[in-house]
K.L.:
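Following this message is one structure expressed as structure tokens.
Just so it is clear, the model here is predicted, and its values are computed rather than measured.
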Amino acid sequence: MKFESRFVDSLPGDPSTDPRPHLVSKAMYSRVSPTPVRNPSLVSYSAPLARELGIETEWIESTEGVHVLAGNKLAEGMKPYAMCYGGHQFGNWAGQLGDGRAINLGEWMDPRGNSWTWQLKGSGPTPYSRFADGRAVLRSSLREYLCSEAMHALGVPTTRALSLVATGEDVLRDMFYDGNAKHEPGAIVCRVAPSFIRFGNFEIFAARQDFENLQKLADFTIANHFPELGSPSLETYEAWFREVCRRTADMVCEWMRVGFVHGVMNTDNMSILGLTIDYGPYGWIDSFDADWTPNTTDFEMHRYAFGNQPQIAQWNLVQLANALYPLFDQTEPLQRGLDTFVSELASKYLEMQSAKLGLPDVLSPDAKGLVEALEKCWRLTEIDMTIFYRLLSHVPAEWFTGSDITEDAVITAFCDVVGDAFYEPIKPNAPGLKSLWDWVMGYRKVVRAGTFDFIDRAKKMNRVNPKYVLRNFLAQEAIESAERGDVGPLHELMDLLMAPYDEQPNREAKYFAKRPEWARHKPGCSTLSCSS
Ligand code: AMP
Ligand code: MG
């Protein structure tokens, strides 16, 4: 196995070799090695990712493989380093952050010629660890590992996770910052992505007025990750920023499609490649609630709530635009990029919602209104997002095509099919749900106006409406079992989520189910902290 290191070989590093926390200026990274762990053991690995990378699973399972994936050993060509970046956290500039517990190992070329950086998260202190230990606990590592691969299987742009390794060492964490620290099992995830460069990598140079390195990093990013845009010039920079805006719009629209809430959309957690990155206190929408955030640190502001994500992505792009301004010396090209975000998001969002609803390809004004009207209906009662959309494709063709059906019969038929999505049993025509019944009638009218092969329509809907997502309580159950030493539920969940759009009828009863009542307020299921 041979790794490369374009990032380290072509960009300036920290001249100081002091491993203790320090400010790192005029440099993009600090060379630092993972700290070996006592007793590493492989908990799980992603066979689909190993296949894509062209890595033998025998190697992953071997003593040598586990030692590399635990940070105890380096493979040939690896030049480990931690990246220097800053960021806006919860709306405020936070200065230098950097990889405090992540260490990039090197770049791996897959059989198709694509380069992938491998990164260990939880592999010990770096010059960016500030007051923390550089480690990660099993519960948060398992969540990152599972969710990365689940998101990929859903078709959402994301960093990947190759392996989850238990370190055999304990880590001390105060999960809810309430003075109740306890020892928890430690773990390391090997994350894999074409690059881990974030908005914050550019922001730190702009904040320090180090325009030379700002430009170097931009040129490196374009040359290695956007080569189709050409050599550096004002036009290339503009095309690049526009592409970042486009990809970010795409990513956030995909989150809205599947009901994913990132939870900490700080600019240091925004990938320049438009990938979902840094799975921390994330969550999945059970009953639809645009104002829901899983992150306890955000309970006052709800800044990173589900429905705010598009707007926050835009705010983050404005911060990136500010940071990149010195490359342009004018605002217009950057403004054009931001405008692209707005227009791209609006059209993608409408396209995505109408695909979820199985609307005709050409949208009438009535059809556009349906999307907004539905979002208002979600507030009337608790409706499970995943189950609702999935069941919608089961509504029979006759429901749309019949001409002599009464309104009552239409609504009753609708309730028969999607009723399971409601947390409280619904009575057809219940007065409190008037707007929903209006919506149902409007929906029927719009779908009737299109020409459909209804079997084909259902198939298409089932390709954008997943049947299975990583519900918060499912992840928590897998964690509690893994902490007791039983990794069966983790593997079962991983297997399920590799085919989220498939029916998998034998798993339906357990996994195509609403959040159980016990999970409504349980830590880990509905509330998560950044302590990980
Ligand atoms: P996050 O909120 O996870 O994106 O982390 C924000 C910053 O805190 C990043 O610079 C992380 O590297 C750093 N950080 C988080 N947890 C730890 C830890 N246990 N040890 C060192 N640094 C950490
Ligand atoms: Mg982060």
K.L.:
Which pair of heavy atoms, one from V171 and one from A136, lies closest together, and at what distance?
P.N.:
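What the structure gives for the nearest pair is CG2-O, 4.0 Å.
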K.L.:
Using side-chain heavy atoms (C-beta onward) and a distance below 4.5 Å, is K26 in contact with P12?
P.N.:
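K26 does not reach P12 side chain to side chain.
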K.L.:
What's the spacing between E64 CD and L69 CG if we round to 0.5 Å?
P.N.:
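Output value for this atom pair is 10.0 Å.
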K.L.:
What do the steps show when you test W255 against V252 for side chain to side chain contact (heavy atoms under 4.5 Å, CB included), and what is the final call?
P.N.:
CA-CA 5 Å; W255 294 356; V252 95; 3.7 Å; yes
K.L.:
For residues E480 and Q476, is any side-chain donor paired with an opposing acceptor at under 3.5 Å?
P.N.:
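Note: E480 and Q476 side chains meet the donor-acceptor criterion.
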K.L.:
Does either side chain, that of S115 or that of R6, offer a donor lying less than 3.5 Å from an acceptor on the other one?
P.N.:
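A pair is found: one side chain offers a donor N or O, the other an acceptor, under 3.5 Å apart.
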K.L.:
Begin from the C-alpha positions of F7 and T117 and carry the test side chain to side chain contact (heavy atoms under 4.5 Å, CB included) through to its verdict.
P.N.:
CA-CA 10 Å; F7 193 83; T117 296; over 6 Å; no
K.L.:
For residues G274 and R247, report the shortest heavy-atom separation together with the two atoms involved.
P.N.:
CA-CB, 4.1 Å
K.L.:
Thinking salt bridges, do R135 and D170 make one under a 4.0 Å N-O criterion?
P.N.:
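Salt bridge between R135 and D170, a charged N being under 4.0 Å from a carboxylate O: no.
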K.L.:
Do the non-hydrogen side-chain atoms of L97 and Q89 ever get within less than 4.5 Å of each other?
P.N.:
yes
K.L.:
Taking F90's backbone N and O only, do any of them form a donor-acceptor pair with N266's side chain (distance below 3.5 Å, no angle check)?
P.N.:
yes
K.L.:
Strictly distance-based, threshold 3.5 Å: is any side-chain N or O of N269 a donor or acceptor partner for the main-chain N or O of V264?
P.N.:
yes
K.L.:
Find the distance between CE (M28) and CD1 (I197) and round it off to the nearest 0.5 Å.
P.N.:
8.5 Å
K.L.:
Can L154 and Y501 be said to form a side chain to side chain contact (heavy atoms under 4.5 Å, CB included), step by step?
P.N.:
CA-CA 8 Å; L154 283 165; Y501 300 100; 3.7 Å; yes
K.L.:
Between the main-chain N or O of L528 and the side-chain N or O of T296, is there a donor-acceptor pair closer than 3.5 Å?
P.N.:
yes
K.L.:
So which heavy atom on T35 is nearest to which on G124, and how close?
P.N.:
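T35 and G124 have their closest heavy atoms at OG1-CA, 4.0 Å.
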K.L.:
Quick one: does any side-chain atom of S531 pair with a main-chain N or O of D174 as donor and acceptor, under 3.5 Å?
P.N.:
yes
K.L.:
In the structure I gave you, are the side-chain heavy atoms of W240 and I272 within less than 4.5 Å of one another anywhere?
P.N.:
yes
K.L.:
Using atom types as modelled and distance alone, determine if a side-chain donor or acceptor of R160 lies under 3.5 Å from a backbone N or O of V192.
P.N.:
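It does not hold such a pair.
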K.L.:
Please check: side-chain N/O of N295 versus main-chain N/O of T297, any donor-acceptor pairing under 3.5 Å?
P.N.:
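Side chain of N295 to backbone of T297, a donor-acceptor pair under 3.5 Å: yes, one is there.
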K.L.:
Compute whether any side-chain donor of one residue and acceptor of the other, for Y177 and S529, lie under 3.5 angstrom apart.
P.N.:
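Note: Y177 and S529 side chains miss the donor-acceptor criterion.
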K.L.:
Assess the side chains of Y279 and T158: does a donor N or O sit below 3.5 Å from an acceptor N or O?
P.N.:
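Yes, because at least one side-chain N or O of Y279 sits under 3.5 Å from a partner of the opposite role on T158.
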K.L.:
Quick check for you: to the nearest 0.5 Å, what is the distance between K121 atom NZ and C190 atom SG?
P.N.:
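Going from NZ on K121 over to SG on C190, the span is 12.5 Å.
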K.L.:
Is it true that E483 and K182 have a side-chain N and a carboxylate O under 4.0 angstrom from each other?
P.N.:
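A salt bridge is absent here (no side-chain N lies under 4.0 Å from a carboxylate O).
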K.L.:
Taking atom CD as the centre, does E56 end up with more than 12 heavy-atom neighbours from other residues, nucleotides or ligands that are less than 6.0 angstrom away?
P.N.:
no
K.L.:
Determine the minimum heavy-atom distance between M385 and M256, stating which atoms define it.
P.N.:
CE-O, 3.3 Å
K.L.:
Could you label the plane-to-plane angle of the W284 and F260 rings as parallel, tilted or perpendicular, counting under 30° as parallel and over 60° as perpendicular?
P.N.:
perpendicular
K.L.:
Judged by atom type as modelled, is there a donor-acceptor pair below 3.5 Å linking the side chain of N114 to the main-chain atoms of D110?
P.N.:
no
K.L.:
Can T381 and E424 be counted as having a side-chain donor-acceptor contact under 3.5 angstrom?
P.N.:
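Short answer, no.
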K.L.:
Check this for me, if you would: do R191 and E144 make a salt bridge, where the nitrogen-to-carboxylate-oxygen distance has to be below 4.0 angstrom?
P.N.:
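Salt bridge: yes.
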K.L.:
Report yes or no: does E107 contribute a side-chain atom to a donor-acceptor pair with the main-chain N or O of S195 at less than 3.5 Å?
P.N.:
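No.
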K.L.:
Please test W59 against E61 for side chain to side chain contact (heavy atoms under 4.5 Å, CB included), starting from the C-alpha separation and ending with a verdict.
P.N.:
CA-CA 5 Å; W59 178 82; E61 291 174 14; over 6 Å; no
K.L.:
Think R515 forms a cation-pi with Y423, using NZ or CZ under 6.0 Å from the six-ring centre and within 45 degrees of its axis?
P.N.:
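Ring-cation test returns yes.
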K.L.:
State the CZ-OG1 distance between F306 and T293, to the nearest 0.5 angstrom.
P.N.:
12.0 Å
K.L.:
Rounded at 0.5 Å granularity, tell me how far CG in L49 sits from CD1 in I60.
P.N.:
8.0 Å
K.L.:
Which atom names give the shortest non-hydrogen contact between T276 and M251, and what distance separates them?
P.N.:
N-SD, 3.6 Å
K.L.:
Side chain of E149, backbone of A161: donor and acceptor closer than 3.5 Å?
P.N.:
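Indeed, once roles are kept as given, a pair shorter than 3.5 Å links the two residues.
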K.L.:
Please work out whether the ring planes of W378 and Y389 are parallel, tilted or perpendicular, with thresholds of 30° and 60°.
P.N.:
tilted
K.L.:
Below 4.0 angstrom, N of the basic side chain to O of the carboxylate: do R520 and E382 qualify?
P.N.:
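Answer for the salt bridge query: yes.
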K.L.:
What pair of heavy atoms forms the shortest contact from G122 to I188, and how long is it?
P.N.:
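That closest heavy-atom pairing would be O-CG1, 3.4 Å.
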K.L.:
Mark yes or no: R143 above the aromatic ring of Y282, with NZ or CZ under 6.0 Å from the six-membered ring centre and no more than 45 degrees from the axis.
P.N.:
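Yes, a cation-pi geometry.
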K.L.:
Answer yes or no: is there a side-chain heavy-atom contact under 4.5 Å between R471 and D384?
P.N.:
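With C-beta onward as the side chain, the pair touches.
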K.L.:
Test E203 against H88 for side chain to side chain donor-acceptor pair (under 3.5 Å), laying out the working first.
P.N.:
CA-CA 9 Å; E203 288 180 279; H88 280 84; 2.6 Å; yes
K.L.:
Heavy-atom distance under 4.5 Å between the side chains of R198 and M83, does that happen here?
P.N.:
no
K.L.:
Salt-bridged, R484 to D486, with N to O below 4.0 Å?
P.N.:
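So R484 does not pair with D486 through a salt bridge.
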K.L.:
Enter the distance from R101:CZ to S129:OG here, rounded to the nearest 0.5 Å.
P.N.:
9.5 Å
K.L.:
Please work out which of the three classes, parallel, tilted or perpendicular, describes the rings of Y511 and Y468, given edges at 30° and 60°.
P.N.:
perpendicular
K.L.:
For the residue pair E492 and R507, establish whether any side-chain heavy-atom pair is separated by less than 4.5 Å.
P.N.:
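E492 vs R507: side chains touch.
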K.L.:
Treating K514 as the side-chain partner and F422 as the backbone partner, does any N or O pair qualify as donor plus acceptor under 3.5 Å?
P.N.:
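Yes; at least one donor-acceptor contact below 3.5 Å.
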K.L.:
Below 4.5 Å, heavy atoms only, C-beta onward: do L162 and W116 meet side chain to side chain?
P.N.:
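Counting from C-beta outward, L162 and W116 never come under 4.5 Å.
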K.L.:
Report yes if some heavy atom in the side chain of K522 is under 4.5 Å from a heavy atom in the side chain of N472; otherwise report no.
P.N.:
no
